[in-house]
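First listed ligand is number 1; within each ligand, the first listed atom is number 1.
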Amino acid sequence: MDRVFIEGLEVDTVIGAYDWERGIRQCLRLDLSFAWDNRPAAAGDDLTLALDYASVSSRIQVFAEQAQFQLVETFAERLAQELMDEFKITWLRLKVTKPGAVPAASGVGVEIERGCR
Ligand SMILES: Nc1nc2c(c(=O)[nH]1)N=C([C@H](O)[C@@H](O)CO)CN2
């Protein structure tokens, strides 16, 4: 199956389990890959048949603006469900990195796969 991907998408959101994190916004870095049959879009050179990575990125930004989760696990799970429902995506891989969370690490977070390829 073909893929469409979005790498290094940075979003601001309320995220964190500690009290000091509930009143601030922090950056998350997202890497996503989606199963998508790219042949129809390519055959017609037609964006309406493609999984539009710009539209998906905009939807993710709106989701992050409104989200207020404690765990990156919850952020990842809810976002995955939203994207699969809205864009009719059958499979995705989503990596959520919280860059500043562990100072000695360049990033920590979670990676999930949902759906069937
Ligand atoms: N598996 C997780 N571990 C931790 C999380 C998390 O979301 N998932 N969150 C925190 C704190 O919010 C931390 O990021 C603050 O720096 C700790 N561990």
Side-chain angles (χ1 to χ4, degrees):
M1 177 54 76
D2 304 332
R3 305 276 175 84
V4 173
F5 67 88
I6 301 168
E7 284 181 356
L9 182 68
E10 295 191 343
V11 301
D12 279 314
T13 191
V14 175
I15 186 83
Y18 301 139
D19 285 347
W20 61 265
E21 297 186 281
R22 303 310 305 161
I24 61 169
R25 302 186 74 80
Q26 300 186 73
C27 177
L28 297 176
R29 193 169 59 242
L30 309 181
D31 298 296
L32 305 101
S33 188
F34 311 100
W36 196 265
D37 183 358
N38 293 331
R39 289 171 295 188
D45 198 23
D46 184 350
L47 178 59
T48 66
L49 300 176
L51 178 61
D52 181 352
Y53 46 71
S55 294
V56 176
S57 298
S58 297
R59 182 67 189 87
I60 294 169
Q61 294 286 1
V62 170
F63 176 89
E65 278 167 25
Q66 296 171 349
Q68 299 191 20
F69 301 115
Q70 297 197 39
L71 301 179
V72 291
E73 284 87 342
T74 317
F75 184 97
E77 198 66 46
R78 302 286 178 83
L79 176 58
Q81 197 59 60
E82 288 268 344
L83 295 178
M84 293 179 81
D85 291 348
E86 185 159 335
F87 293 95
K88 309 297 178 218
I89 292 162
T90 57
W91 174 88
L92 64 73
R93 174 179 295 142
L94 166 58
K95 181 176 175 183
V96 178
T97 303
K98 193 171 180 182
V102 173
S106 61
V108 293
V110 297
E111 184 168 5
I112 64 172
E113 281 187 34
R114 294 293 178 266
C116 302
R117 288 185 218 212

The remaining residues in the hydrophobic cluster of Trp20, counting side-chain heavy-atom contacts under 4.5 Å among Ile, Leu, Val, Met, Phe, Trp and Tyr, are Tyr18, Ile24
Within the structure, does at least one protein heavy atom fall under 4.0 Å of atom 4 (C) of ligand 1? no
Run the numbers on Arg117 and Arg93 for side-chain contact (heavy atoms from CB on, under 4.5 Å), then give the verdict. CA-CA 10 Å; Arg117 288 185 218 212; Arg93 174 179 295 142; 3.9 Å; yes
Residues Glu65 and Arg25: closest non-hydrogen pair is O-NH2, 3.2 Å
How far is atom 16 (O) of ligand 1 from its nearest protein heavy atom, and which residue and atom is that? Ala101 O, 3.6 Å
For atom 17 (C) of ligand 1, which protein heavy atom lies nearest, and how many Å away is it? Tyr18 OH, 4.0 Å
Could you identify the single nearest non-hydrogen protein atom to atom 11 (C) of ligand 1 and state the distance to 0.1 Å? Glu21 OE1, 3.5 Å
Do any non-hydrogen protein atoms sit less than 4.0 Å from atom 1 (N) of ligand 1? yes
Joint cluster assignment, Leu9 & Trp36, ILVMFWY side-chain distance < 4.5 Å: yes
Take atom CG of Asp46 as the centre, draw a 6.0 Å sphere, and report whether it contains more than 12 heavy atoms from other residues, nucleotides or ligands. yes
I'd like to know if atom 8 (N) of ligand 1 has any protein heavy atom within a distance of less than 4.0 Å. yes
Looking only at protein heavy atoms, what sits closest to atom 14 (O) of ligand 1 is Lys98 NZ, 3.0 Å
Restricting to salt bridge (charged side-chain N to carboxylate O under 4.0 Å, His left out), what partner residues turn up for Glu86, sequence neighbours left out? Arg59
